[in-house]
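Some notes on the structure that comes next.
The figures here come from the full heavy-atom set of this structure, side chains too, leaving out hydrogens, waters and symmetry mates. Letters A, B, ... are given to chains in the order of the sequence lines, protein chains preceding strands, and every chain is numbered from 1.
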Number of protein chains: 2
Amino acid sequence: MTSVLVCDDSPLAREALRRAVATVPGVERVTTATNGEEVLRRWGADRSDLILMDVRMPGLGGVETVRRLLSADPGARIIMLTVAEDLDGVALAVAAGARGYLHKDASRAELRATVTQALADPTWRLAPRRLRSAEMGAAPTLTAREIQVLEGMSHGRSNAEIGRELFLSEDTVKTHARRLFKKLGASDRAHAVALGFRWGLVR
Amino acid sequence: MTSVLVCDDSPLAREALRRAVATVPGVERVTTATNGEEVLRRWGADRSDLILMDVRMPGLGGVETVRRLLSADPGARIIMLTVAEDLDGVALAVAAGARGYLHKDASRAELRATVTQALADPTWRLAPRRLRSAEMGAAPTLTAREIQVLEGMSHGRSNAEIGRELFLSEDTVKTHARRLFKKLGASDRAHAVALGFRWGLVR
DNA sequence: ACGACGGTCACTCGAAAGAGTTACGGAGTT
DNA sequence: AACTCCGTAACTCTTTCGAGTGACCGTCGT
């Protein structure tokens, strides 16, 4: 029973993808999801042979979803869907373990060819592109606290303010800050916020 | 000649939207674009009665495109397309002058109803939602320099480093920084970077 | 039981950032 | 001609940040 999971936040794109994938020879079932959380929630009970997932999604970003999915199931095969210049997101996703990517500009034929390939060869993997090592290596798994601190930063709050907001001492906030900088490979809070956005950790 | 312009980076979503809009009574022509730049470029020669545009797009973001479009033609009617929790983007776009928004979760019927309404009543406008005044009021028109500085910040560079990169003194970079903070309503560089992402000014 | 990790807090120190202010020349607008 | 905006640069002063270090406790997994 060959099944494919399509995940995109737009129902229009989702439906179009679903229909396109359904025409691939050998595909017997196409299920859909609208966001990363749903993919993760569903993955325990119902595993598909292949996942097509948008890089940019509200809530849990595509990159972060890939990371979590693969930590739960290293064998999962994921192809990222992306748009023109979002190479950062793709590179991050591929580095996180996605098997490859598809431009959404891809024709129906290309899409079908890639899906066919991925299903036929379980080891199929895109030739890794040139990656920017600095922002790529680490798999940023931020703790809840660290994300709260990062969010505070993204709203322009000082460490002291974040501390007041979270009922922590400024020193504690600084500790979380330092740890999340290290995880993200950020050189300062502005960089950390930017990486948070690029990884889909904050909005 | 009633025409509608559909702008979405994904050809699948674009096509689906085009087809849905084409079924709206009174719509005689549906054109498409794939990004903000294309919309702006085309707007001079070929004006549509209504624009449906994705909030999140590579390159020029939806919010920034709305702003520029309306500064060129204050009469343009724009409806933003968005996804679940991207309320920030929508609020920003509406504040920038978009007439309303549509969840991409909207059914075909809802979409058609909204388009019908917008075309029938040129003054139609979404009841303005509760807006976060701090981040909303100003229309952030950053100069090229200011964007370069903001981008430098988003890559974790210090003012001195940005200065070296752009062949400016650190003091000049600070001036640009202060000015762009003021325009964005940012309290520090981390906040500025976050707002830059939310406005679609940087990636 | 030990170790790793996360959450908490504290201290110092030097480097940045940010506020405030001033200034000058050019471009574009009114 | 006056005015505003932009780009450039310098100066001072205060606040904040970030590095480095150390420490205590609880939890979880091995």
Side-chain N,O ([X]) to OP1/OP2 ([N]) below 4.0 Å:
X        : N      : value
B:Thr143 : D:dG7  : yes
A:Thr175 : C:dC9  : no
B:Lys183 : D:dC6  : yes
B:Thr172 : D:dT8  : no
A:His176 : C:dT8  : yes
A:Arg189 : C:dA16 : no

> Going through the checks in order, is the side chain to side chain contact (heavy atoms under 4.5 Å, CB included) test met by B:Arg42 and B:Leu5?
Replying inline: CA-CA 10 Å; B:Arg42 193 183 296 178; B:Leu5 172 56; 3.9 Å; yes
> Less than 3.5 Å between a donor and an acceptor, one on the side chain of A:Ser158 and one on the base of D:dC17, is that the case here?
Replying inline: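 There is none.
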> Given that A:Asp171 and A:Arg179 both sit by DNA chain C, which one's nearest nucleotide is further toward the 5' end?
Replying inline: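 That would be A:Arg179.
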> Between D:dA10, D:dA19, D:dC17, which nucleotide gets closest to the side-chain atoms of A:Arg178?
Replying inline: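 Shortest atom-to-atom distance from the side chain points to D:dA19.
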Just how far, in rounded Å, is [atom2] of [N] from [atom1] of [X]?
X        : N      : atom1 : atom2 : answer
B:Lys182 : C:dA19 : NZ    : P     : 9 Å
B:Gln148 : D:dT8  : CD    : C1'   : 14 Å
B:Asp188 : D:dC17 : CG    : P     : 7 Å
B:Ile162 : C:dG18 : CD1   : P     : 10 Å
B:Leu166 : D:dC6  : CG    : P     : 17 Å
B:Asn159 : D:dT8  : CG    : P     : 14 Å
B:Arg157 : D:dC17 : CZ    : C1'   : 20 Å
A:Leu180 : C:dG6  : CG    : P     : 12 Å

> In this structure, which one of B:Arg189, B:Glu170, B:Lys174 forms a side chain to side chain donor-acceptor pair (under 3.5 Å) with B:Asn159?
Replying inline: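 Of the listed options, the one satisfying the test is B:Arg189.
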> Quick one: does A:Val193's side chain get under 4.5 Å of A:Leu150's, heavy atoms only?
Replying inline: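 Yes - at least one pair of side-chain heavy atoms lies under 4.5 Å apart.
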> Does some side-chain heavy atom of A:Arg77 sit less than 4.5 Å from a side-chain heavy atom of A:Ile79?
Replying inline: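 Side-chain contact under 4.5 Å: no.
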> What is the nucleic acid contact for B:Arg145, judged by heavy atoms within less than 4.0 Å: base, sugar-phosphate only, or nothing?
Replying inline: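 If one applies the 4.0 Å heavy-atom cut-off, B:Arg145 turns out to touch the sugar-phosphate alone, with no base involved.
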>> Quick check: on DNA chain D, is the nucleotide nearest B:Glu170 upstream (toward 5') of the one nearest B:Glu146, or the reverse? Name the residue that is more 5'.
In response: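 On the 5' side of the pair lies B:Glu146.
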> Taking B:Val149 as the fixed residue, which of B:Thr175, B:Thr172, B:Ile162 is the one that meets the side-chain contact (heavy atoms from CB on, under 4.5 Å) rule?
Replying inline: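 Option passing the side-chain contact (heavy atoms from CB on, under 4.5 Å) with B:Val149: B:Ile162.
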